[in-house]
Amino acid sequence: MVENQIVARGIQDPLVIQAMTQVPRHLFVSEALVDSAYGDFPLPIGEGQTISQPFIIAEMTQSLCLNGSERVLEIGTGSGYQAAVLSRIVYKVYTIERNHTLYLQTRRLFDRMKYHNIVTRYSDGTQGWKAEGPYDAIMVTAGGNQIPAPLVDQLDMGGRLVMPVGGHHSQELIRLEKTKTGIKTTNLGGCRFVKLIGEHGWRE
Ligand code: SAH
């Protein structure tokens, strides 16, 4: 998977390549999907949600320009795969999920896998997690029509945020950087994510 889908398509960050080689993706999907876990496509994870295609995970992770010392906030824990990849790179991962079933299931999985530098929370991630901020990087793994203002507030100076922004059915992957001279945004290209639902996202 890492050679054919990630390195072959231009992902070069050694920390991202190493983390994706380490994390066993098949443990984050249901037993029925184990044989497809390393395929070049997204997969259903229950509750109408999906785990992204491996290349998208790699691209979003690389776009955060991580060096290992960071505290990162992820919105949309889902299966936990993205948080697991981040946790192999950075100091600490804070991840928020609004679906209670997925929240409980994935929290147990992190315990079983001894991913002790991941902290989970059951709430509306569009409001961020102010008490633990500011964060060096923020990743939103569900699509909204705008970047939630509380997340930009909770990003440290010099921090990076990546999120799919657009309509209900397709979005653009937007990378934002908070600099002393203002907010810089870059469009990384088209993508398709499930909906970000919450106060600063879509209505249910
Ligand atoms: N990062 C996940 C992707 C899961 S899909 C993975 O690696 O598997 C997106 C997830 O975002 C879903 O689980 C959905 O329930 C969750 N979500 C949607 N809106 C949310 C919100 N406002 N706060 C927290 N989680 C949210």
Side-chain angles (χ1 to χ4, degrees), residues 1 6 16 19-20 22-30 33-34 36-39 41-64 72-90 93-110 113 115 118-130 132-133 135 137-152 154 161-166 168-169 171 173 191-204:
M1 174 188 92
I6 291 167
V16 175
M20 292 194 64
Q22 270 177 26
V23 178
R25 185 164 156 104
H26 66 278
L27 299 183
F28 294 83
V29 299
S30 65
L33 294 173
V34 163
S36 341
Y38 296 90
F41 35 75
L43 287 170
I45 56 171
E47 302 292 308
Q49 307 302 321
T50 54
I51 176 174
S52 300
Q53 178 192 4
F55 176 71
I56 295 289
I57 304 263
E59 193 184 29
M60 288 176 79
T61 309
Q62 177 169 271
S63 79
L64 295 179
V72 180
L73 175 67
E74 183 204 21
I75 311 305
T77 314
S79 70
Y81 179 71
Q82 174 70 73
V85 169
L86 286 167
S87 79
R88 302 303 87 192
I89 301 174
V90 304
V93 180
Y94 299 84
T95 181
I96 308 180
E97 174 56 56
R98 72 179 287 276
N99 178 292
H100 199 249
T101 306
L102 289 172
Y103 160 75
L104 281 182
Q105 184 180 306
T106 302
R107 205 173 85 156
R108 281 192 212 107
L109 180 65
F110 290 152
M113 297 189 69
Y115 287 154
I118 306 179
V119 194
T120 55
R121 176 177 158 116
Y122 169 59
S123 71
D124 170 13
T126 67
Q127 310 197 45
W129 189 343
K130 198 166 179 201
E132 300 288 353
Y135 303 93
I138 300 180
M139 184 187 291
V140 185
T141 64
N145 64 350
Q146 55 177 29
I147 298 176
L151 299 184
V152 181
Q154 291 167 33
L161 176 154
V162 67
M163 169 175 167
V165 180
H168 289 229
H169 302 294
Q171 305 88 27
L173 208 50
C191 58
R192 257 189 101 129
F193 276 76
V194 296
K195 279 191 224 165
L196 180 72
I197 297 169
E199 193 181 329
H200 302 271
W202 300 109
R203 303 242 168 265
E204 203 134 355

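Whatever order the structure lists them in is the order used to number ligands and atoms, beginning at 1. Everything quoted here is computed from the prediction, not taken from an experiment.
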- Indicate yes or no for a side-chain donor-acceptor contact from D124 to the backbone of E199 under 3.5 Å, with no hydrogens or angles considered. yes
- Is a side-chain donor or acceptor of Y135 paired with a backbone partner of W129 at a separation under 3.5 angstrom? yes
- Item | Contact with ligand 1 for E74, non-hydrogen, under 4.0 angstrom | yes
- Item | Over 12 non-hydrogen atoms of neighbours within 6.0 angstrom of NE2 in H168 | yes
- Using distance alone, decide if ligand 1 has a nitrogen or oxygen within less than 3.5 Å of any nitrogen or oxygen in G125. yes
- Query: What atoms of ligand 1 come within less than 4.0 Å of a heavy atom belonging to K195?
  - Reply: 18 (C), 19 (N)
- Task: Please could you name the atoms of ligand 1 that L102 approaches to less than 4.0 Å, counting only its heavy atoms?
- Result: 13 (O)
- Heteroatom proximity flag, D124 to ligand 1, N/O under 3.5 Å: yes
- Where is the nearest protein heavy atom to atom 11 (O) of ligand 1: which residue, which atom, and how far? G76 CA, 3.2 Å
- Query: Around atom CZ of R107, are there more than 12 heavy atoms of other residues, nucleotides or ligands at under 6.0 Å?
  - Reply: no
- What residue and heavy atom of the protein are closest to atom 7 (O) of ligand 1, and at what distance? Q82 N, 3.1 Å
- Query: Angle class for the H26/Y38 ring planes (parallel below 30°, perpendicular above 60°, tilted otherwise)?
  - Reply: tilted
- Of all heavy-atom pairs linking Q154 and K130, the shortest is OE1-N, 3.4 Å
- Would you sort out whether R98 and E204 count as a salt bridge (Lys or Arg N to Asp or Glu O under 4.0 Å), showing the intermediate values? CA-CA 11 Å; R98 72 179 287 276; E204 203 134 355; 3.1 Å; yes
- Item | Identity and distance of the protein heavy atom lying nearest atom 12 (C) of ligand 1 | Q49 OE1, 3.2 Å
- Item | I197-ligand 1 polar pair, N/O distance under 3.5 Å | yes
- Please state which part of S123 comes within less than 4.0 Å of ligand 1, counting heavy atoms only: side chain, backbone, both or neither. backbone
- Query: Within a reach of under 6.0 Å around CZ of R121, are more than 12 heavy atoms found that belong to other residues, nucleotides or ligands?
  - Reply: yes
- Item | Enumerated ligand 1 atoms positioned under 4.0 Å from heavy atoms of V194 | 5 (S), 9 (C)
- Task: Could you tell me whether T141 and ligand 1 have an N or O pair separated by under 3.5 Å?
- Result: yes
- Query: Closest non-hydrogen protein atom to atom 15 (O) of ligand 1, residue and atom name please, with distance?
  - Reply: E97 OE2, 2.5 Å
- Item | Numbering as shown, the atoms of ligand 1 that approach T126 to under 4.0 Å (heavy-atom distance) | 22 (N)
- Item | Atom indices of ligand 1 within 4.0 angstrom of I96 heavy atoms, with elements | 24 (C), 25 (N)
- Query: Do ligand 1 and I57 have nitrogen or oxygen atoms that lie under 3.5 Å from each other?
  - Reply: no
- Residue portion contacting ligand 1 (non-hydrogen atoms closer than 4.0 Å) for R98: both
- Which of the numbered atoms in ligand 1 are below 4.0 angstrom from a heavy atom of T77? 1 (N), 2 (C), 6 (C), 8 (O)
- Taking C-beta and beyond as the side chain, do R25 and I51 meet within less than 4.5 Å on heavy atoms? yes
- Can any side-chain N or O of T106 pair as donor or acceptor with the backbone N or O of G78 at less than 3.5 Å? yes
- May I ask you to decide if I75's main-chain N or O and T141's side chain share a donor-acceptor pair within less than 3.5 Å? yes
- Item | Closest approach of any protein heavy atom to atom 4 (C) of ligand 1, naming residue and atom | T50 O, 3.3 Å
- Examine distances only and state if a side-chain atom of T61 and a backbone atom of V16 form a donor-acceptor pair shorter than 3.5 Å. no
- Task: Number the atoms of ligand 1 from 1 as they appear, then name those within less than 4.0 Å of a heavy atom of S79, with their elements.
- Result: 6 (C), 7 (O), 8 (O)
